[in-house]
Structures are given as structure tokens and as C-alpha cells.
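In what follows, a structure is listed as C-alpha cells, so that the remarks can point back to it.
Residue numbers run from 1 in the order of the sequence given.
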Amino acid sequence: MKLKTFLLMLFMTASTFAQETEFKFSKEGLTDFIVVTYEGSAKDTYNRALAWVKENSKKGYKVVSSTENEKMTIEGGKENFLCSKAGGTNVCTYGTFTIEISFKDGKYKFEAIGLSEKPNNSTTTTVRNLNDFSEYYDKDGSLKKYKDDVPAAYESLFNGLSKDLMTFMDKKKKAENW
């Protein structure tokens with residue numbers, strides 16, 4: 001009986017301190033950050049992430065601030081971030097994102113810092129609050145009409161960036177260790 005109690009307490013403690021591994025969209029906002037396990041030193045992981053930014057510079061990715069081997073803040077853009085039909089026409093936005101990656105031996109923290117959108121047919125840019133998505137929801141808690149693509153766009157953007165970084169670093173590590 002003591003073993004069952006101990007195991008239950010251990011599971012509850014582990015669940016309490018569990019870290020997110022994917023970004024999720026909710027009325028309260030986007031997941032603040034995810035922690036990714038990655039074998040290697042903070043220095044090596046930092047350098048591979050820096051190479052990823054350079055590789056994606058043609059997409060507008062750039063390091064806007066960094067502390068060597070500890071963290072970097074990156075800005076970039078995504079064509080056709082969010083598209084919707086308006087009057088029989090497809091209107092898309094260009095999304096400009098800001099992420100921060102912090103490095104420790106054996107893992108890194110990938111944080112969504114900011115996002116702004118500019119419709120392709122406009123000059124107006126809208127800065128999004130990643131900590132409050134209530135504007136997309138009705139009072140009853142359901143997504144507003146014509147907003148059903150929004151959660152997937154946000155999740156896809158930030159989860160896609162994280163997965164792209166991981167894939168690039170894995171290929172780079174493999175090439176370094178042939």
C-alpha cells in the first residue's frame with residue numbers, strides 16, 4: 001500500500017512539473033514556451049541554432065539579440081500565415097514572429113515572444129497579444145464564425161519552427177560526426 005501511495009505521489013509531482021513539448025492555442029493565449037530535450041552541450045546547440053538562422057536568412061530570419069552560448073532572440077517572417085475568404089477572394093496575411101531560444105546542456109527552451117500580421121492587400125500591421133486570444137472567441141467560449149483556421153495557424157507556425165530547428169540541428173550534427 002505504501003508503494004502505491006508513493007508511486008501516486010511521484011506521478012502527481014512529475015505531472016505538476018511537466019513541461020510543454022508543443023505550442024497550444026486557447027482562449028487564454030498560446031503556450032508560453034516549450035522545452036526540447038537535445039543531446040549536446042549548450043555551446044554546440046547554440047552554434048547549430050545560429051547556423052539554422054543563417055540558413056533561413058533568405059526567409060528573413062535574423063538574430064536581433066544574443067548572449068553567446070546562452071540565448072538568442074530571432075525575428076522572421078511567414079508568407080500566407082493566415083488566409084481567409086473575403087467576398088469570394090482569398091486574403092492572406094504575412095506573419096512576423098519573434099522567438100527566443102535559451103540553451104542548457106541537454107535541452108533548450110523555445111519561447112514564442114511576439115507575432116504581428118499584415119494582410120497582403122494592406123499597409124496596416126496588427127500586433128497580436130500571445131497571452132490573450134479572447135478576441136477570437138464568443139462569450140459562450142466557442143470560436144467565432146470564420147475564425148476556425150486561427151488556432152491551427154498559430155500552432156503550426158510555432159510548432160513548425162521548433163520542428164524545423166530540430167531537424168536542421170540533427171542533420172548538422174550528423175554531418176559533423178560522420
If you measure from [atom1] on [X] to [atom2] on [Y], what distance do you get to the nearest 0.5 Å?
{"X": "L115", "Y": "N129", "atom1": "CG", "atom2": "CG", "result": "11.0 Å"}
{"X": "D44", "Y": "K172", "atom1": "CG", "atom2": "NZ", "result": "11.5 Å"}
{"X": "C92", "Y": "N121", "atom1": "SG", "atom2": "CG", "result": "9.5 Å"}
{"X": "E75", "Y": "T96", "atom1": "CD", "atom2": "OG1", "result": "8.0 Å"}
{"X": "S134", "Y": "K139", "atom1": "OG", "atom2": "NZ", "result": "11.5 Å"}
{"X": "K109", "Y": "I99", "atom1": "NZ", "atom2": "CD1", "result": "13.0 Å"}

Kindly say whether [Y] contributes a backbone atom to a donor-acceptor pair with the side chain of [X] at under 3.5 angstrom?
{"X": "S162", "Y": "N159", "answer": "no"}
{"X": "S57", "Y": "G60", "answer": "no"}
{"X": "Y108", "Y": "A49", "answer": "no"}
{"X": "D132", "Y": "G29", "answer": "no"}
{"X": "K118", "Y": "S122", "answer": "yes"}
{"X": "S102", "Y": "K71", "answer": "no"}
{"X": "K173", "Y": "E39", "answer": "yes"}

Nearest heavy atoms of [X] and [Y], plus distance in Å:
{"X": "L82", "Y": "E117", "result": "CD2-OE1, 3.7 Å"}
{"X": "S84", "Y": "N90", "result": "O-OD1, 3.3 Å"}
{"X": "T125", "Y": "S116", "result": "CG2-CB, 3.7 Å"}

Side-chain atoms of residues 140-152: list all donor-acceptor pairs with protein atoms under 3.5 Å, sequence neighbours left out, distances to 0.1 Å.
unit_1, atom_1, unit_2, atom_2, d
D140, OD1, S142, N, 2.9
D140, OD1, S142, OG, 2.6
D140, OD2, S142, OG, 3.4
K144, NZ, E135, O, 3.0

Student check: side-chain heavy atoms of [X] and [Y] closer than 4.5 Å:
{"X": "I101", "Y": "L165", "answer": "yes"}
{"X": "T21", "Y": "T37", "answer": "no"}
{"X": "K78", "Y": "Y94", "answer": "no"}
{"X": "Y154", "Y": "L130", "answer": "yes"}
{"X": "V53", "Y": "M72", "answer": "yes"}
{"X": "L161", "Y": "I74", "answer": "no"}

Set of ring-ring contact (aromatic ring centres under 6.0 Å, His included) partners for Y61, sequence neighbours left out =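 Partners of Y61 under the ring-ring contact (aromatic ring centres under 6.0 Å, His included) test: W52, F97.
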
key: Set of residues satisfying ring-ring contact (aromatic ring centres under 6.0 Å, His included) with respect to Y46, sequence neighbours excluded   =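 In terms of ring-ring contact (aromatic ring centres under 6.0 Å, His included), with neighbours along the sequence ignored, Y46 is linked to F103.
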
K27 atom NZ, neighbour heavy-atom count above 12 within 6.0 Å =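 More than 12 within 6.0 Å, yes.
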
inquiry  = Does K104 have more than 12 heavy atoms from other residues, nucleotides or ligands lying within 6.0 Å of its NZ?
reply    =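 Open.
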
ask   = Got a salt bridge between E55 and R48, using NZ or NE/NH1/NH2 to carboxylate O under 4.0 Å?
value =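 So E55 does not pair with R48 through a salt bridge.
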
task = Could you point out which residue of F23, F81, F33, F25 forms a ring-ring contact (aromatic ring centres under 6.0 Å, His included) with F158?
result =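 Single pass found, and it is F23.
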
request  = Might you work through the side chain to side chain contact (heavy atoms under 4.5 Å, CB included) test for N56 and D164, ending with a clear yes or no?
outcome  = CA-CA 10 Å; N56 287 286; D164 187 45; 4.0 Å; yes

key: Hydrophobic cluster membership, L157 vs F168, 4.5 Å side-chain cutoff   =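 Same hydrophobic cluster.
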
